[in-house]
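Below is one structure, written out as structure tokens, with a few remarks after it.
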Amino acid sequence: MKPVELYILSGFLGAGKTTLLQNILSQEKLLKRKIAVIMNELGEVSIDSNAVPAETPLKELLNGCVCCTIQGQLEVQLDNMLKEYELDAIYIETTGVAHPIEVLDACMSPLFAEKLSVQAIVTLIDANRWQDRSSLSIQLRKLLVEQVQHADIVLLNKVDSLSEAEKATLVSEIQALNKNGKLLMTEFANIPLSQLQINKRIAKKQHEQAHVHDALHMRTIVHTFSKRIDLERFEQFLKDMPDTIYRIKGYISFTHSQDTFLFQYSYGMPLYMKEQMKMKNTLVFIGENLDHQKLRAELESLEVQTTN
């Protein structure tokens with residue numbers, strides 16, 4: 001079964017994410033694709049859910065941010081969507097204060113990661129807000145920068161209010177922060193859907209399609225082990241792996257034990273927790289500009305070198 005495409009719509013408060021979502025859904029409807037939406041609001045009441053057509057499956061996550069306090073709820077809602085509907089794509093509209101990596105992490109439960117194909121993190125920037133960001137707190141300024149840095153596609157929105165010189169300055173600033181991402185200028189968050197579907201545009205030739213997919217800025221790699229792994233070799237793998245791998249999570253079994261462990265890795269710290277049930281030995285890796293083939297080969301070599 002073909003994995004469901006996943007798009008994460010990121011961007012600071014007021015950047016135009018809901019308008020972007022409406023534009024996307026209108027185009028998806030013309031293509032007759034089966035689409036679902038997850039909307040995350042910090043407050044207790046949904047403000048933007050009426051922007052989603054009634055026929056579109058919608059899950060709302062309220063009173064928290066999917067990247068921290070209600071991460072578990074997102075996993076449950078995604079799992080339910082994948083079970084309830086036959087879908088071509090899911091769009092997640094995050095809160096304005098969500099960190100893209102944390103949201104991606106929340107989307108990639110090892111229980112259903114193989115059923116999803118992350119297409120792009122799309123960050124929308126309010127051009128005027130970006131120019132005036134010095135008025136924000138240090139923490140919010142850092143968040144704005146990181147929303148740009150970790151995007152596959154950056155949309156500089158509301159450019160109709162800028163002069164040509166201002167446009168050139170902002171483009172230069174954004175490209176300096178994100179050299180690998182795709183930068184587009186928009187008005188009213190209006191963009192052809194084809195510009196967001198990175199893997200769709202040259203899907204005719206398989207080798208070209210793979211090349212573009214590898215060029216995605218943030219990547220997820222799902223690997224399932226067929227046997228138990230030697231713990232020492234696994235920990236050496238963790239020490240040697242590139243620091244552009246930000247997160248690992250999933251389930252893993254080792255040759256020294258009959259137990260299955262829930263494994264979490266973030267900010268250089270591994271954590272093993274004994275799992276009560278036997279789970280499929282699947283790990284999800286989240287990182288930046290990863291060498292897919294090299295990482296896969298290293299993981300497979302762990303199995304070859306395991307005697308049990």
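Note that these values count all heavy atoms, side chains included, but never hydrogens, waters or copies made by symmetry. For this chain, numbers begin at 1 and follow the sequence in order.
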Evaluate salt bridge (Lys or Arg N to Asp or Glu O under 4.0 Å) for Glu5 paired with Arg33, printing each intermediate quantity in order. CA-CA 11 Å; Glu5 297 171 13; Arg33 297 213 313 157; 3.1 Å; yes
| task | In sequence, state the C-alpha distance, the side-chain angles, and the governing distance for Ile90 and Val37, and then conclude on side chain to side chain contact (heavy atoms under 4.5 Å, CB included). | result | CA-CA 6 Å; Ile90 297 173; Val37 172; over 6 Å; no
TODO: Check step by step if salt bridge (Lys or Arg N to Asp or Glu O under 4.0 Å) holds for Glu55 and Lys29.
DONE: CA-CA 10 Å; Glu55 68 272 14; Lys29 186 175 182 180; 3.6 Å; yes
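Side chain to side chain, Ser266 and Gln264 fail the donor-acceptor criterion of an N or O pair below 3.5 Å. Using a 3.5 Å distance cut-off with no hydrogens or angles, the side chains of Thr94 and Ser10 do not pair a donor with an acceptor. Using modelled atom types, one finds a donor on one side chain and an acceptor on the other under 3.5 Å when comparing Gln236 with Asp240. Donor-acceptor pairing under 3.5 Å is recorded for the side chains of Ser161 and Asn128. Using modelled atom types, one finds a donor on one side chain and an acceptor on the other under 3.5 Å when comparing Glu146 with His99.
Checked by atom type and distance alone, the side chain of Thr56 never pairs as donor or acceptor with a backbone atom of Val52 at under 3.5 Å. Distance alone, capped at 3.5 Å, places no donor-acceptor pair between the Ser172 side chain and the Thr169 backbone. Checking side-chain atoms of Asp160 against main-chain N and O of Glu187 turns up no donor-acceptor pair under 3.5 Å. Side chain of Asn281 to main chain of Thr224: no donor-acceptor pair is present (N/O by atom type, distance under 3.5 Å, no hydrogens or angles). A donor-acceptor contact shorter than 3.5 Å links the side chain of Asn178 to the backbone of Val148.
The ring pair (Phe, Tyr, Trp, His ring centres under 6.0 Å) search around Tyr91 returns Tyr7, not counting sequence neighbours. Looking at residues two or more places apart in sequence or on another chain, you find a ring pair (Phe, Tyr, Trp, His ring centres under 6.0 Å) between Tyr272 and Phe254, Phe263.
Minimum interatomic distance between Thr260 and Ser253 (heavy atoms only, all atoms of both residues): OG1-OG, 3.4 Å. Here the closest heavy-atom approach between residue Leu74 and residue Ala106 is recorded as CD2-CB, 3.6 Å. Residues Ala36 and Leu87 approach most closely at CB-CD1, 3.7 Å, considering heavy atoms. Nearest heavy atom pair, residue Ala127 against residue Leu162, reads CB-CD1, 3.7 Å. Contact record, Lys17 with Leu9: CD-O, 3.6 Å, taken as the closest heavy-atom pair.
Taking the charged nitrogens against the carboxylate oxygens, Glu114 and Lys280 do have a contact shorter than 4.0 Å, which makes a salt bridge. Between Glu173 and Arg133 a salt bridge is recorded (basic side-chain N to carboxylate O distance below 4.0 Å). Remark: Lys158 does not engage Glu166 in a salt bridge, criterion side-chain N to carboxylate O under 4.0 Å. Using a 4.0 Å cut-off between charged side-chain N and carboxylate O, Glu303 and Arg233 make no salt bridge. A salt bridge does not link Lys182 with Asp152: none of the charged nitrogens is closer than 4.0 Å to a carboxylate oxygen. The residues Glu102 and Arg247 are annotated as salt-bridged, a charged nitrogen and a carboxylate oxygen being separated by less than 4.0 angstrom.
Other residues, nucleotides and ligands contribute over 12 non-hydrogen atoms within 6.0 Å of the NZ atom of Lys167.
Residues Leu21 and Leu31 share a hydrophobic cluster, clusters being chains of Ile/Leu/Val/Met/Phe/Trp/Tyr side chains in contact below 4.5 Å.
Within the 4.5 Å cutoff, the side chain of Val171 has heavy atoms near those of the Met185 side chain.
Screening Glu298, Glu300, Arg296 against His223 for a side chain to side chain donor-acceptor pair (under 3.5 Å) leaves a single residue, Arg296.
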